[in-house]
Protein chains: 2
Amino acid sequence: MRHLMIYDMIEAVHRSGSIRKAAEDTNITASALNRRIQTFEDEFGSEIFERLPRGMRLNPAGELLLHHIRQQRQDLARVHSQVADLSGVRRGHVKIACSQALLPYFLPREISRYRAEFPNVTFTVNVRDRIQAEQDLVNFDSDLALVFEPAHMVDFEVLHAVHQPVMALMSTAHPLAGRESLRLRDCMEYDLVLPAPQFGVRVLLDQAAAKLGRKLEPALETDSFDMVRHFAAYGQGIGFQIPVGLNTLARPDMTFVPVSERDVLGGDLYLGHLRGRTLPVAALKFAHQVATALSAARA
Amino acid sequence: MRHLMIYDMIEAVHRSGSIRKAAEDTNITASALNRRIQTFEDEFGSEIFERLPRGMRLNPAGELLLHHIRQQRQDLARVHSQVADLSGVRRGHVKIACSQALLPYFLPREISRYRAEFPNVTFTVNVRDRIQAEQDLVNFDSDLALVFEPAHMVDFEVLHAVHQPVMALMSTAHPLAGRESLRLRDCMEYDLVLPAPQFGVRVLLDQAAAKLGRKLEPALETDSFDMVRHFAAYGQGIGFQIPVGLNTLARPDMTFVPVSERDVLGGDLYLGHLRGRTLPVAALKFAHQVATALSAARA
DNA sequence: GTTGAGTGATGCATTTTTTGCATCACTATA
DNA sequence: TATAGTGATGCAAAAAATGCATCACTCAAC
């Protein structure tokens, strides 16, 4: 798409903040790039960059244009994807922003299942918290977001939602292993290993503890869900996670016990995309597969 | 926007159905145009035109692309409009598809009121029936539609709706002139002048007559609302129209009497745009003005 | 202050791309 | 079977984009 090169150039200047740096990324001379920008501004009818002594910065007009550029590029990708689908071969690239819990089991399984059928579709997966994920959609950095307990949902259009109770995880040797269900106050008798306060599971647990007039004092607090699992597996601590982040078969040395909904209500896992967007076929069909898988997993 | 020239060329070829004809419209040689199309198809990754012995026709991939082109052009117009608004001067072009009833009084008044404040905004007004209006929105041929009793409303996003009772119009000399309200069967004693069957007002009247077990037999049936008004003014016939298509001041020789809602329920006049679209500032603000005017007129 | 390293802008020669002309191969229609 | 329409293409000319060298300017460090 040679005729859209100017858009790449504008984005490059925006990213690097200077024509000279952007020129390197674009494999072009600074003078050529400079004149492309100038010519474009002439045609566009107004400047899109502020000229600062230290470089270039988008002005408000440029910000509006940038959003248009991203949107139109995404829509072109959608067209490409649909055209490929016309000829029976599904092609495309799917960008996903997701909560950490989806990383270890769920997404790898779903992606490889999908790629078994459509090997020409490639994926990008980025870990994003509840706020960043939505921002990613707005900036067209991601096609799909899969988020536990999202924050705003303003620009978020829900494709599918499933309820996720909070599960306690522990070594099979743990005194509480084998119970059908756990009360939160039972857990608090033992060492706790909790995700950092910004994560959805932690927010739910904190709220539940507050309701009991208690405060959770974790033995280990981490921003890595991997760490939570491993510490719970080898130590005597109790970790917490939602079902989609767990896999019974993969961890015979661990037990997963639901925390009673009388204490912790659980939260919702949302699959969605940017409000009003038309997804490329590849992304849309993957979303359907994920939605089906989520429903099946719950049952 | 030189870099979007290729899109104009593609549309030109699509419209004229042949490279040679399109070349004339584009002020370019057929050979140059031909090679631009070929180069584009190479970059795009698939052909977008079928080569027929009699010319070129878009293939399915081309249809998808064409829709993208129109959409992105409209979105660029939106950006331009918003950028102009940034500098305080509102610029832009507003394309309106509307029912015939809006033409004589309502739209001219609103457009000139708007242009008094924003003289740099220009307008296109096209008369479209209830089905065509929605199609216009889908093809990005119109920004706004103002339709009485729309048909599908699938791709139609409603900005505003007002109820419009059906009014009977007649010369002040007509025997029924001066009544506060009319029953449909009273009208049927006299010559009727009705719009053609596809129009909203007619549909409502036909339904009402059917409910009475009668069938309307107009003395004059026409697809021109102008004709309805004039015939009713000079002859002894009774015409029908919705309030927004009438202006008491402009026609002292005519009387407008509401038809009882016990017979004819009236219909709704909808203002809207293509579902999911972001309108240019010029169009959006005009829509607000129209919405306000419609509400005020009803009161 | 002075200096130096960074910025964007610009004149000019060179390279690349686009265009126009002439012509070919093909196909319906009369 | 002639004819008038279609798209495709080789080649030279025109136009556009690029690269190099350099200017004018700002800001931070000395």
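The structure displayed is predicted, hence computed values, not measured ones. Numbered from 1 within each chain, the chains take letters A, B, ... in sequence-line order.
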Nearest-Å distance, [atom1] ([X]) to [atom2] ([N])?
{"X": "B/Leu33", "N": "D/dG7", "atom1": "CG", "atom2": "C1'", "answer": "11 Å"}
{"X": "B/Asn34", "N": "C/dC24", "atom1": "CG", "atom2": "P", "answer": "17 Å"}
{"X": "A/Glu24", "N": "C/dG8", "atom1": "CD", "atom2": "P", "answer": "12 Å"}
{"X": "B/His3", "N": "C/dT18", "atom1": "NE2", "atom2": "C1'", "answer": "18 Å"}
{"X": "B/Arg54", "N": "D/dT3", "atom1": "CZ", "atom2": "C1'", "answer": "11 Å"}
{"X": "B/Glu47", "N": "D/dA8", "atom1": "CD", "atom2": "C1'", "answer": "12 Å"}
{"X": "A/Ile19", "N": "D/dG19", "atom1": "CD1", "atom2": "C1'", "answer": "15 Å"}
{"X": "A/Arg35", "N": "D/dA17", "atom1": "CZ", "atom2": "C1'", "answer": "9 Å"}

Would you tell me if any nitrogen or oxygen in the side chain of [X] comes within less than 4.0 Å of OP1 or OP2 on [N]?
{"X": "A/Thr29", "N": "D/dT18", "result": "no"}
{"X": "B/Gln38", "N": "D/dT9", "result": "yes"}
{"X": "A/Arg51", "N": "C/dT7", "result": "no"}

Checklist entry - Who are the ring pair (Phe, Tyr, Trp, His ring centres under 6.0 Å) partners of A/Phe225, not counting sequence neighbours? => result A/Phe199
Item to check | Contacts of type ring pair (Phe, Tyr, Trp, His ring centres under 6.0 Å), residue B/His3, not counting sequence neighbours | outcome: A/Tyr7, A/Phe40
Checklist entry - Are A/His14 and A/Phe49 an aromatic pair by the rule of ring centers under 6.0 Å? => result no
Checklist outcome for this item: Taking every heavy atom of B/Thr26 against every heavy atom of B/Met9, the minimum-distance pair comes out as CG2-CG, 3.9 Å
Checklist entry - Between A/Glu221 (side chain) and A/Pro218 (backbone), is there a donor-acceptor pair under 3.5 Å? => result no
Item to check | 5' precedence on DNA chain C between A/Arg2 and A/Pro53 (nearest-nucleotide basis) | outcome: A/Pro53
Checklist entry - How is B/Ile28 classified with respect to the nucleic acid when contacts are heavy atoms under 4.0 Å: base, sugar-phosphate, or nothing? => result sugar-phosphate
Checklist entry - Using a cut-off of 4.0 Å on non-hydrogen atoms, how would the nucleic acid contact of B/Arg36 be classed: base, sugar-phosphate, or nothing? => result sugar-phosphate
Next on the checklist: On the side chain of A/Ser31, is there an atom forming a donor-acceptor pair with the base of D/dC20 - under 3.5 Å, no angle test?
Outcome noted: yes
Item to check | Donor-acceptor pair present, A/Arg20 side chain and C/dG6 base, under 3.5 Å | outcome: no
Checklist outcome for this item: Ranking B/Leu52 and A/Met9 by the position along DNA chain D of their nearest nucleotide, the one closer to 5' is B/Leu52
